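A short write-up of the structure that comes next.
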Protein chains: 2
Amino acid sequence: MNHRLHDRAANSLPEACPGLRMTPQRQEVYRVLMGRRDHPTANEVHSRVKKRLPNISLATVYNCLETLVDHGLIRQVNFERESSRYCPNVKEHGHFHDAASGAIHDIEFKPGVNLSDFLDLPPGAVIEDIEITLRGKLAAS
Amino acid sequence: MNHRLHDRAANSLPEACPGLRMTPQRQEVYRVLMGRRDHPTANEVHSRVKKRLPNISLATVYNCLETLVDHGLIRQVNFERESSRYCPNVKEHGHFHDAASGAIHDIEFKPGVNLSDFLDLPPGAVIEDIEITLRGKLAAS
DNA sequence: CCAATATCAAGAATAATTCCAATCTAGGAG
DNA sequence: CTCCTAGATTGGAATTATTCTTGATATTGG
């Protein structure tokens with residue numbers, strides 16, 4: 001079994017991140033995301049965080065999420081026009097959205113592949129961010 | 001030069017599409033999208049359409065766009081949390097968002113490539129829709 | 001031509017997110 | 001240790017894109 005990506009303890013703190021003050025709120029938001037590696041919306045994060053910080057406001061959750069995203073500790077993912085979701089998998093990856101269950105699975109690139117191997121990029125394009133989302137079904141097994 | 005994708009006359013009508021009633025509003029929305037192959041928002045489409053149909057409402061533009069999308073005549077594309085944009089290129093393709101100019105370029109797949117060539121898909125996944133968005137810059141030429 | 005159905009328009013309603021102003025807090029300077 | 005300040009948090013208001021609702025219109029099949 002391959003745990004390459006998921007080996008950080010669920011309740012560990014992010015290592016010191018320059019310019020980021022680790023407040024209790026940010027810590028808990030981060031902990032909650034690491035603890036259950038689904039792709040919760042800000043609202044879902046809020047619900048989960050409230051178990052330990054009952055007074056935290058949704059605005060603060062949004063702030064924390066934004067800060068963590070800005071510092072590269074988590075990723076924000078958008079599907080269609082739905083609420084943004086947040087993902088603790090910082091590695092470059094895509095998502096597969098199972099229409100039947102609603103579940104979202106991380107999709108990794110095969111090792112060694114290069115964007116320009118399969119896409120006709122405009123000449124001189126410098127890619128800073130990639131977003132790949134697939135929608136479909138898992139065949140009944 | 002390769003015009004494979006863009007050879008439909010700009011003001012042509014979509015060929016008969018089962019179950020789609022081609023009203024003047026839908027026709028004009030479609031015409032406007034075909035005429036300028038950028039990626040306008042519903043609002044931009046509304047402005048453009050109003051030149052010929054001054055009384056059309058934004059709600060109708062939304063309705064028309066949704067209908068055209070449902071019938072596969074245009075595609076809806078979402079970048080981040082911005083307004084949806086609409087794209088007359090129905091072929092499977094991705095988008096490159098130039099951070100500097102804000103321009104959006106269609107990106108084609110290299111011929112013959114297969115999703116599973118570069119992505120680790122979950123076993124049994126049947127992909128129904130692909131969305132690939134790149135963000136970056138065009139190197140100064 | 002008439003009834004059934006689909007479309008349109010205008011504005012109200014919704015939902016996610018951001019903004020704002022008023023506290024609050026942590027950490028460094030003294 | 002205490003004060004000061006920058007940054008963080010809060011709750012609620014504001015914003016924005018989009019959808020919904022309702023009544024009026026138009027179109028089509030019979």
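Below, chains carry the letters A, B, ... as their sequence lines are ordered, and counting in each starts from 1. Note that this is a predicted model, so its numbers are computed, not measured.
- Residues P122(B) and D98(A) are not in side-chain contact: their nearest non-hydrogen atoms beyond the backbone lie 4.5 Å or more apart.
- Once rounded to the nearest 0.5 Å, the distance linking NE2 of H71(B) with OH of Y30(B) reads 13.0 Å.
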Give every pair of a protein N or O atom and an N or O atom of nucleotides 25-28 of chain C that lie under 3.5 Å apart, one pair per line with the distance.
none

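- Protein atom NZ of K50(A) is 15 Å distant from nucleotide atom C1' of dT9(D), rounded to whole Å.
- Taking atom NE2 on H71(B) and atom P on dA6(C), their separation rounds to 12 Å, with Å as the unit.
- Put simply, the side chain of D38(B) does not reach to within 4.5 Å of the side chain of I104(B), judged on heavy atoms.
- Side chain to side chain, T60(B) and Q25(B) fail the donor-acceptor criterion of an N or O pair below 3.5 Å.
- Shown here is K110(B), whose NZ atom has more than 12 heavy atoms of other residues, nucleotides or ligands within 6.0 Å.
- N43(A) and T41(A) share no donor-acceptor pair across their side chains, judged by distance under 3.5 Å alone.
- Within the 4.5 Å cutoff, no side-chain heavy atoms of N78(B) are placed close to those of N78(A).
- When the side-chain nitrogen and oxygen atoms of T67(A) are compared with OP1 and OP2 of dA8(D), none of them lie within a distance under 4.0 Å.
- Atom pair H46(B):NE2 and dT16(D):C1' shows a separation of 16 Å (rounding to whole Å applied).
- Rounding to whole angstrom units, CG of residue N55(B) and P of dT25(D) are separated by 13 Å.
- Whole-Å rounding puts the L68(A) CG to dT9(D) P distance at 10 Å.
- One interatomic measurement links the two molecules: CG of L65(A) to P of dT9(D), which rounds to 12 Å at whole-angstrom precision.
- Taking the six-membered ring where the residue is Trp, F118(B) and F118(A) present parallel rings, their angle staying beneath 30° rather than reaching 60°.
- Note: CD (Q25(B)) to C1' (dA24(D)) measures 14 Å, nearest angstrom.
- H93(B) places a side-chain N or O within 3.5 Å of a backbone atom of K91(B) that can act as its donor or acceptor partner.
- Residue contacts shown for T60(A) include a base, since a base heavy atom lies under 4.0 Å away.
- Ion pair E80(B)/R135(B) flagged as a salt bridge, since at least one NZ, NE, NH1 or NH2 atom sits closer than 4.0 Å to an Asp/Glu carboxylate oxygen.
- Taking the side chain of I56(B) as heavy atoms from C-beta on, and the options dT10(D), dA9(C), dT7(C), the nearest nucleotide is dA9(C).
- At least one side-chain heavy atom of D106(B) sits under 4.5 Å from a side-chain heavy atom of H39(B).
- For L20(B) and dT28(D), the CG to P distance is 12 Å, given to the nearest whole Å.
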Dump the pairs, protein N or O against N or O of nucleotides 17-23 of chain C, anything under 3.5 Å, distances to one decimal.
residue, atom, partner, partner atom, Å
dT17(C), OP1, S84(A), N, 2.8
dT17(C), OP1, S84(A), OG, 3.3
dT17(C), OP1, R81(B), NE, 3.4
dT17(C), OP2, Y62(A), OH, 2.3
dT17(C), O5', Y62(A), OH, 3.2

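- Rounded to 10°, the helix from dC1(C)-dG30(D) to dG30(C)-dC1(D) has 30° between the axis fitted to its first five pairs and the one fitted to its last five.
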